[in-house]
Amino acid sequence: MSERWDAAPDNEPARPVPADPEQSNGTEPETAENAIGTEDVLDADPAQPVATEPPLGGKRARPSPWNRKRDRLIAAAIVVVVAVTGVVIGVTSDNAATVAQVATTLPPGLPPAPAQVPGSLSELWQAPSASTPVPIGEANSVVTADKGEVLGRDPYTGEVRWRYSRDLELCTVALAGIKVDAVYRKDTGCSEVTQLDAGTGRRTAQRNGDAELGTRLVVDGSHVTTTGKKLLNTWRDDLVKSMEYGQVPAIVNPNKQPRTGCTYGTVAAAAGKIGVIERCPGDPADRFTVYRATNDEADDPKVDYSTVLAGKNAKVVAMSGDLALIVLPEQKLLVIYGGDGLQKSAYPLDLPEAEITQDPVGGVMTTSWTAQGVYWFTGSKTMAFSRDDLTPRWTLNNSAGPGVTFGEQLVVPIQGGLAVLDETTGATIRTVGVDRRGYTGPVLLSSVGPVLLEQRGPTVVALK
């Protein structure tokens, strides 16, 4: 006959319980002696048997497997291991190395820019911002970005209102609509992307990507495209990937890309389409391709057209609607292509060879947009084009950057200050002196309210 052992407290020996051979399920018949229940021993009549009900449907309750000392020690050890693991993960995770200080209130409103550019402008403040190719003014704030830190500042004083920083190096930062997209470097690429509200610094979206080192962001309405030599990625305004073009990592569906082995030059975008200069094996010259920013599958580009150009070292300057403005350095021509991939018109181009032969840093030409025009800074000149059809309008020699509208007038940076121009003819209305303290490089402009912003290399300067 076998015996079953009931668990007992640690300081008492376990008690054997005889097994009943008539019980096929290992339980024993309930009696008043072995039934598990409750009774009031003070009120019970010793002359009468105490009535009890068998618990658990007549089955004897199983003892807890965790009331021995050894079992409790094991459980405690498991708890300690889990706690330590959680602490290690927390200390070494990305979140542990992130500082996110949001503004407690929305920034106060700003008055509009003056209708006419003031006769003089003085420096209000300046701050390092090497990761912003163009100064960012939005939501009554100025956003600067340097090393691993993105800051929202008061336009008048430069005082920091909010802060977002990581222990990673910033690749680039750009204004996308009304949000700020900050791209961080991790491992061998620019793969960590955070979207921030420009007014408060609140995180609105995050994603991991596959952008290359040296990437820039090409913004078009509700889409943002990262540039690269072998891969272009496009996201929606909520950072959801909508398209990838080129050498796709971790291919799931092969043979989706139209060409392989190509490298990419300049990139532009407009009307939900991306245009890219391609250099592909077997082509006699550069190729210009236009594809959609979205399709049913993000790894299956829908190409509108792809055409081999008349020469090499081509650059796409800008796109507007279905039109594309392309530089052909070997022919010294500006060429406009239509939505059918055919050349519509061509214009002679008089520029130093050094300004149009090499691809620009990040694969993006230095341009700016206003309600009426597109402005391209070549390196020594600012060329104006119609926003509607990209036809050339005028050229300003000896400039320092493209133009922007400040108030109701067009301003273009020049050496020693700003030129206020008639936007239609390019005629100079007047000039405004600006002391740049010996800086003579390119200047890119933007504004927020009555404050004009200059990007001077790795520094943002506020003027009023």
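Numbering of residues begins at 1 and proceeds along the displayed sequence.
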Q358 atom CD: more than 12 heavy-atom contacts under 6.0 Å:
no
State whether the side chain of T226 and the backbone N or O of A211 hold a donor-acceptor pair below 3.5 Å, judged by distance alone.
no
If we only count heavy atoms from C-beta on, is the T188 to L213 side-chain gap below 4.5 Å?
no
Between D197 and K179, is the closest basic N to carboxylate O distance under 4.0 Å?
no
Quick one, L453 and V461 - any side-chain contact, counting heavy atoms below 4.5 Å?
no
For atom NZ of K381, decide whether the heavy atoms of other residues, nucleotides or ligands shown that lie under 6.0 angstrom number more than 12.
yes
Take I136 and V173 through the test side chain to side chain contact (heavy atoms under 4.5 Å, CB included) and record every step on the way to the result.
CA-CA 9 Å; I136 299 175; V173 177; 4.0 Å; yes
Check whether any side-chain heavy atom of L396 sits under 4.5 Å from a side-chain heavy atom of I414, and report yes or no.
yes
Is the closest basic N to carboxylate O distance between R166 and E149 below 4.0 Å?
no
Across all chains, not counting sequence neighbours, the salt bridge (charged side-chain N to carboxylate O under 4.0 Å, His left out) partners of K241 are E244
Would a 4.5 Å heavy-atom cut-off, applied to side chains only, mark L334 and M383 as touching?
yes
If you draw a 6.0 Å radius around CD in Q247, do more than 12 non-hydrogen atoms from other residues or ligands fall strictly inside?
no
Okay, side chain of E212, backbone of K230: is any donor-acceptor separation there less than 3.5 Å?
yes
Only pairs at least two apart or in different chains count here, so list each side-chain hydrogen bond (donor to acceptor under 3.5 Å, both in side chains) that has a residue in residues 313-334.
K273-D322
Using the side chain to side chain donor-acceptor pair (under 3.5 Å) rule, take Q455 and T132 through it: C-alpha gap first, then chi angles, then the decisive distance, then the call.
CA-CA 8 Å; Q455 181 87 40; T132 54; 2.9 Å; yes
V443 and P402 have their tightest heavy-atom pair at O-CD, 4.1 Å
Donor-acceptor pair, distance only, cut-off 3.5 Å: does the side chain of Q195 make one with the backbone of D237?
yes
Close side-chain approach of L217 and T172, heavy atoms under 4.5 Å:
yes
Under a 4.0 Å N-O cut-off, is there an ion pair linking E454 with R436?
yes
Looking only at heavy atoms, the pair that brings A270 and G321 closest together is CB-N, 4.0 Å
So, the side chain of N295 versus the backbone of P301: is there a donor-acceptor pair under 3.5 Å, distance only?
no
Could you verify whether a donor N or O on one side chain and an acceptor N or O on the other, from S306 and T289, lie under 3.5 Å apart?
yes
Taking all heavy atoms of M319 and all of A268, pick out the closest pair and write down the distance.
SD-O, 3.6 Å
How many angstroms lie between atom CG of L124 and atom OG1 of T157, to the nearest 0.5 angstrom?
9.0 Å
Between Y156 and P450, is any pair of side-chain heavy atoms under 4.5 Å apart?
yes
V224 to A176 - nearest heavy-atom pair and separation:
CG2-CB, 3.7 Å
CA sep, side-chain torsions, deciding dist, call: L325, W376, side chain to side chain contact (heavy atoms under 4.5 Å, CB included)
CA-CA 11 Å; L325 179 64; W376 170 36; 5.7 Å; no
Side chain to side chain donor-acceptor pair (under 3.5 Å) between T194 and Y164: does it pass, once the steps are laid out?
CA-CA 10 Å; T194 299; Y164 182 84; 3.2 Å; yes
To the closest 0.5 Å, what do you measure between OG1 (T234) and CZ (R236)?
12.5 Å
Which residue in the set V267, V361, V276 passes side chain to side chain contact (heavy atoms under 4.5 Å, CB included) when paired with T227?
V267
Ignoring hydrogens and geometry beyond distance, is a side-chain donor-acceptor pair present between T307 and Y337 at under 3.5 Å?
no
Just wondering, are more than 12 heavy atoms of other shown residues or ligands nearer than 6.0 Å to CD in E297?
no
Is the backbone of G373 close enough, under 3.5 Å, to the side chain of T370 for a donor and an acceptor to pair up by distance?
yes
Does the side chain of M243 come within less than 4.5 Å of Y291's, by heavy atoms?
yes
Could you tell me whether the side chain of W162 and the main chain of R153 form a donor-acceptor pair under 3.5 Å?
no
Under 3.5 Å, is there a donor-acceptor pair linking the side chains of T382 and S399?
yes
Does E138 reach the main-chain N or O of N140 with its side chain, forming a donor-acceptor pair under 3.5 Å?
no
To the closest 0.5 Å, what do you measure between CD1 (I277) and NZ (K312)?
14.0 Å
Could you check whether R279 pairs with D359 (Lys NZ or Arg NE/NH1/NH2 to Asp/Glu carboxylate O, under 4.0 Å)?
yes
I178, CD1: over 12 other non-hydrogen atoms inside 6.0 angstrom
no
side-chain hydrogen bond (donor to acceptor under 3.5 Å, both in side chains) partners of E355, counting only residues at least two apart
T378, S380
Taking V316's backbone N and O only, do any of them form a donor-acceptor pair with T266's side chain (distance below 3.5 Å, no angle check)?
yes
As an exercise, state the distance from OH of Y375 to CH2 of W394, rounded to the nearest 0.5 Å.
5.0 Å
Looking at N397, I want to see if its CG is surrounded by more than 12 non-hydrogen atoms of other residues, nucleotides or ligands under 6.0 Å.
yes
For D146 and A130, indicate whether the former's side chain and the latter's backbone hold a donor-acceptor pair under 3.5 Å.
yes
Do the non-hydrogen side-chain atoms of L410 and D422 ever get within less than 4.5 Å of each other?
no
Inter-residue atom distance E192.CD - L170.CG, 0.5 Å rounding:
11.5 Å
Verdict with reasoning, L418 to L452, per side chain to side chain contact (heavy atoms under 4.5 Å, CB included)
CA-CA 11 Å; L418 301 167; L452 184 68; 3.4 Å; yes
Side chains of S386 and D388: do they bring a donor and an acceptor to under 3.5 Å?
no
Is the shortest side-chain N to carboxylate O distance from R437 to E123 below 4.0 Å?
yes
Count the heavy atoms belonging to other residues, nucleotides or ligands that lie under 6.0 Å from CD of Q343, then report whether that count exceeds 12.
yes
Here the gap from D340 atom CG to Y305 atom OH, rounded to the nearest 0.5 Å, amounts to 8.0 Å
Hey, mind stepping through Y264 and Y245 against side chain to side chain contact (heavy atoms under 4.5 Å, CB included) and telling me if it holds?
CA-CA 10 Å; Y264 304 139; Y245 189 86; 3.5 Å; yes
Is it the case that atom CG in N398 sees more than 12 heavy atoms from other parts of the structure closer than 6.0 Å?
no
Verify, without hydrogens or angle tests, whether Y439 (side chain) and P442 (backbone) share a donor-acceptor contact under 3.5 angstrom.
yes
For the student: nearest non-hydrogen atoms of V219 and G177, plus distance:
CG1-N, 4.4 Å
